[in-house]
Structures are given as structure tokens and as C-alpha cells.
Amino acid sequence: MSWNQDEPPTNPYRAPDWQFQQVPTAPVQPPPPPPRRRAWVLPAVAAGVAVVLVGAAAGAYLLYGRPASSDAPAKPTAGTEAPTRPAATQPAAAAVLDVCTMLPVAEVDRLVPQAAVAKRSRDAGFAVYSYCDLSNRRISHGEFWRSREIKASIAQHRGEGPKTGRAQAQALYDSELGFFTYKAKNEPTDEKKDPGEKNYNSAVKHYPGVGDGAFGQYTWSRDKSLWYSFGEGRARVGDMIIEVRYQASQQRKDADFLSSKTTQSVSEENALREVGVLLTHLAKGAAAWKAAHPGELAKVEPSPTQTPTPTPSPSASPTIVAQLPVTCRRMSPAMMKLVPGATERAKAGTSGGAQETECRWLNLNIPAGEGRRKILSAMVTIQLFANRAGAADSAAARAQYATQLGNAQSTENSALGGLRFGRIEKLRDLGDEAYIQYWVDKKNAVFNGSGDVLVRVGPALVRASLAGAELGADEATNSPKVKVLGEKEAREGALTVARAVVDSLGQSGLKKDE
């Protein structure tokens, strides 16, 4: 279940999704304006989803280490210029911007064999976004399991006041370029790293002739449990900003489950080359779309689609259920103490045959003294991963944990556009692996401070959040006078939510990895 960014303001707090107006598959530094999270931001996360990925041989050549980056312009695979990938289960409107169709089938098959394809679009007010995610995290290749993922998005910016959409896009492009350059020159100090942790961000690589400007960067990281690297890039075409991330890795099939030994991840040279290839295709696709729709603003597709291959399954939007599921009902007494007088709500749905759930406790009007009120929201999302045989898949959960941790690491101790992100603290006594981060949203419709915990328990990935704010009884939720929930209260509340859901899952028989 993907995070719903278009939900009406009955659920004001939504966790930011930095990956593309929001959070890559590898741990993915001060955030690019939305994503890596969302409008109506309150901690909410995608509900449980069973991931079924099929093995297949192929993929980019991997090298362990950091070879020197080539400065040769990236070129797409010959004969694959035409955007031919079908991307919608329903005919798109004439002015719909579809990123998936801009990536040639042959290119996608080369980089992510037998990819599961997920796409969506949304109108964020200041821009219209189109997203395309292509992934296969379990490709059988001889003695190795390989993992591949492409995340791509295009945002068409609206004008604001005297600034045109093109000027808005240029300002964001320049900001992103400055941020990536800063990352390359300012590595984390040793005191901010765990023992044995190593990090590296390459110099920014520019891609001449791609759109109105394009650049990429390579990120490499190692610690005791996570070994990953990826390439990501940005490009501008008129009033459009293109974002791309490419990640690839492999590990021996006989490796210990929680060990990072034998892991190899994509090299700097290869990652930056593929980022250039992807940006080239998308820049050409964006230019062609603009030529076909001069002066038009992209439209949002009627509904998101998700079409995993090679066994497509229908996707259903989550629906509100009559009562909380058992796991959440066990938590409810503790949540009602945390959020007094809360309204309880749960969502359930299916995607690719997997059940999905999300539980929330929300009170928008908690008395906070004369003429004052407090907004509090506790949110839980549980993802349960299974392999194609239907058995619990801890490896898939671990891969997704790494992705979310990467997203959080990319925003740690940063601020941009009204969003501010605090330090990440890894939690040693919760589940198999977990971390917590505090962040503040003073950008979207509901200003708030939020504690956000992500914890993995075997094949389950749980996100637990507590967010809130204090304001005048008749004061707008985005007023400069809003007092957001403080870090200490938010972090302690999020930990309470996380421990409650982990305990409840344990009563259901879910166990940690041995």
C-alpha cells in the first residue's frame, strides 16, 4: 500500500516521502523539496504489502569498491529511443504525464529484469508529480541473489506570483545542485558514525546536452549490517524537474541472513553511467510531452496503478474497515492514553494478493488551556513480506528497511523548504533492527512535529509515529503561531507506539530472526 498523498485532511499528518517528493531503495542528506515525504504531513506509512519478486538472470555488471567515474557523456542503449513501455491499465487522458512510458522496454529489461512496475501521480499544488518505480529485489543469478531498482519521477511546476513554472523549476534545480555539491565536500565526522561505518559521496557529475541541465552523484556506504551504493541524478526540462535513482547489488545465496559479507554493490562508474542513460531518456520524453502539449499543465491520472510482472495482479485502493484489526485492538488502550479521546480508524486493502493494513488514532481538538487546543495523531503501518511461494520473506523486509533507512539518512540534520529533520538514532533493543528520527513540517497544510520509528521484526516492517501541534482554538493549522510537538515528547511517544505494536505482533506469533 503506497502512502496516500491525496487523502483529505481528516488525517493531517503524513510521513514525508523523500524519494521523489518524498524517500531510494538503499538508504537514501538535506531533503529535496517533496517528496522523500508528503502533503497533509502526519506520520503515516504504507500499510502491509506482500512482495513477490521473481528471479531472473541479467543486470548491470557490479564491482565492489569505488572505481573512478568516467566523464564521457552517458548514452542510451542503441535502438531503444522510443518510449514503448505500456504503463496504464486504463487509457490515460491526453495531458497525463506518464514517466513509465518514457523508459524504453529494452532499457528497463537490461537494468531491472522482470521488474515489478508501480506508478502513480499526484497534484501537490505547486507541482504535478508523476512517479514510476521499477524493482526486482530477488533475481537468481548463479550463486548470487541480485537486487535491482529504478525510481524515477517528473514534477511539472506551476508559477507562483511573478515567478513562472520554469523559474520555480530552475530554483529547485540550483538548490539540488548546491546540496549534492555540499554532500560531496562534507562527509559525516567520525563522531556521527557507528564504529566501522564508512561513507562516500562522489563529486557531482554533469551530463552535457541532457535537457536544460543534468547532473548525478554516487553514494556508497558500509556498516555492520548495511552495505549499499546507488547513483542518483536530477535534470531540468523547462518547468519540469526529473529525479532518478538507480541501485543494484548482489550477495551470495549461502551468506548468513543478517551478514553483509559477500555483498557487492554497484560501482561508481557503472552507477553514474546508468543514471546518465536514464536521465537522457526521461529528458527526451519530457521534451516530447511538452512539444505535444504546449502550454498545458499535466493532469493527474484518475487512479494509481500497480502492475507487477511476470504475474500481474489487480490492485485495490485501501478502504476504511469497520473495526481495528486484532493487532491494533491490542494496542488501543495504550494509544488512547497517548491520544486522549482519539478517533480510531483502520484501512485494509489488497495488492498483488497481499492484505494491507494501517491503524490510526487521531484527535484534532484536545483541550490545551483557555482558547487553546492540541492535535495529536498516532499512526501504525505494518508490512508483511512473502515470497512467491507464500512463505514469510525476511530478506525482502530487510531490503525495504535498508531503503527506508537510506531515505532517512539522506535528510538527517537538514532543513529545506519548511521541513527540518533531526538526527537518526539506531535502536538496539527493538525488533531485529530499528531507528528513530524526529522531524518538523512547517511547509504543508498542518504544521507539526513528529517522532518516526521504523522497526523490522523478521518478515514484517513496522512504522510507528506520533505527531502533533498546539494552536489557538480558531487558529489555522499552518499559522506561524502553531507550536509543533517537541522532540522529546514526539520521540518518547513514537517509541511507545512502536513497542506496543511489536508486542502485539509477538502475541500473534511473529518472531524475530534467529
Side-chain angles (χ1 to χ4, degrees), residues 2-6 16-22 31-40 83 85 87-88 90-103 118-133 150-177 207 210-215 232-245 278-305 416-419 443-445:
S2 61
W3 293 344
N4 181 5
Q5 302 182 57
D6 302 316
D17 176 1
W18 274 111
Q19 174 46 27
F20 299 101
Q21 179 76 14
Q22 21 165 109
R36 268 149 67 22
R37 301 177 178 181
R38 316 178 183 236
W40 284 105
R85 174 172 290 275
Q90 299 177 356
V96 166
L97 183 64
D98 191 336
V99 175
C100 289
T101 62
M102 299 179 186
L103 295 174
K119 59 174 227 169
R120 58 194 172 88
S121 60
R122 73 183 185 98
D123 190 335
F126 58 89
V128 175
Y129 284 83
S130 175
Y131 306 89
C132 184
D133 295 348
I150 295 171
K151 285 182 174 287
S153 75
I154 296 180
Q156 185 181 25
H157 288 257
R158 287 187 173 93
E160 183 177 352
K163 290 188 177 181
T164 63
R166 181 187 181 95
Q168 297 281 70
Q170 182 66 56
L172 177 58
Y173 179 86
D174 292 342
S175 174
E176 290 282 80
L177 179 57
Y207 300 102
V210 178
D212 297 315
F215 63 87
E232 62 180 325
R234 307 287 188 267
R236 183 180 71 83
V237 176
D239 58 0
M240 293 181 174
I241 291 293
I242 301 166
E243 298 189 17
V244 161
R245 181 186 299 271
L278 293 168
L279 288 175
T280 298
H281 286 305
L282 293 174
K284 289 182 178 180
W289 187 95
K290 291 179 67 65
H293 304 89
E296 290 188 60
L297 186 69
K299 297 178 182 178
V300 174
E301 288 187 287
S303 61
T305 61
L416 184 64
L419 299 175
K443 175 183 178 65
N444 294 291

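Residue indices begin at 1 and follow the sequence shown. Only this structure's heavy atoms are used, side chains among them; waters, hydrogens and symmetry mates stay out.
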If we only count heavy atoms from C-beta on, is the Val237 to Lys290 side-chain gap below 4.5 Å?
yes
Rounded to the nearest 0.5 Å, what separation is found between the CZ atom of Arg236 and the NE2 atom of His157?
10.5 Å
Give the minimum heavy-atom separation between Ala169 and Gly238, together with the two atoms involved.
CB-O, 3.8 Å
Quick one: do the Arg120 and Tyr129 side chains pair a donor with an acceptor below 3.5 Å?
no
Looking only at non-hydrogen atoms, find the nearest pair between Asp123 and Gly125 and report the distance.
OD1-N, 2.9 Å
Looking at Asp239 and Arg166, does any basic side-chain N land under 4.0 Å from a carboxylate oxygen?
no
Do the numbers put Lys443 on top of the ring of Phe126, so that NZ or CZ is under 6.0 Å from the six-membered ring centre and no more than 45° off the axis?
yes
Got a donor-acceptor contact below 3.5 angstrom from the Ser130 side chain to the Ile154 backbone?
no
Does Asp98 come within less than 4.0 Å of Lys119, counting only side-chain N to carboxylate O?
yes
Output for pair (Trp289 CH2, Met102 CE), nearest 0.5 Å, gives 8.0 Å
Let me confirm one number: the OH-CG distance from Tyr173 to Asp212, rounded to the nearest 0.5 Å.
9.0 Å
Nearest 0.5 Å please: distance from the CZ atom of Arg234 over to the CG atom of Asp174.
13.5 Å
Closest non-hydrogen atom pair, Arg122 against Tyr131
NE-OH, 3.1 Å
So CG of Leu279 and CD of Glu232: to nearest 0.5 Å the spacing works out to 10.5 Å
Mind running side chain to side chain contact (heavy atoms under 4.5 Å, CB included) on Leu97 and Val128 for me, showing each step along the way?
CA-CA 9 Å; Leu97 183 64; Val128 175; over 6 Å; no
When rounded to the nearest 0.5 angstrom, what distance separates CD1 in Ile242 from OG in Ser153?
9.0 Å
Evaluation steps, side chain to side chain contact (heavy atoms under 4.5 Å, CB included), between Ser121 and Val96:
CA-CA 9 Å; Ser121 60; Val96 166; 5.7 Å; no
Asp133 and Ile150: side chain to side chain contact (heavy atoms under 4.5 Å, CB included), yes or no, with the steps?
CA-CA 6 Å; Asp133 295 348; Ile150 295 171; over 6 Å; no
In sequence, state the C-alpha distance, the side-chain angles, and the governing distance for Leu297 and Arg158, and then conclude on side chain to side chain contact (heavy atoms under 4.5 Å, CB included).
CA-CA 8 Å; Leu297 186 69; Arg158 287 187 173 93; 3.2 Å; yes
For the pair Gln156 (side chain) and Glu296 (backbone), establish whether a donor and an acceptor sit closer than 3.5 Å, ignoring hydrogens and angles.
yes
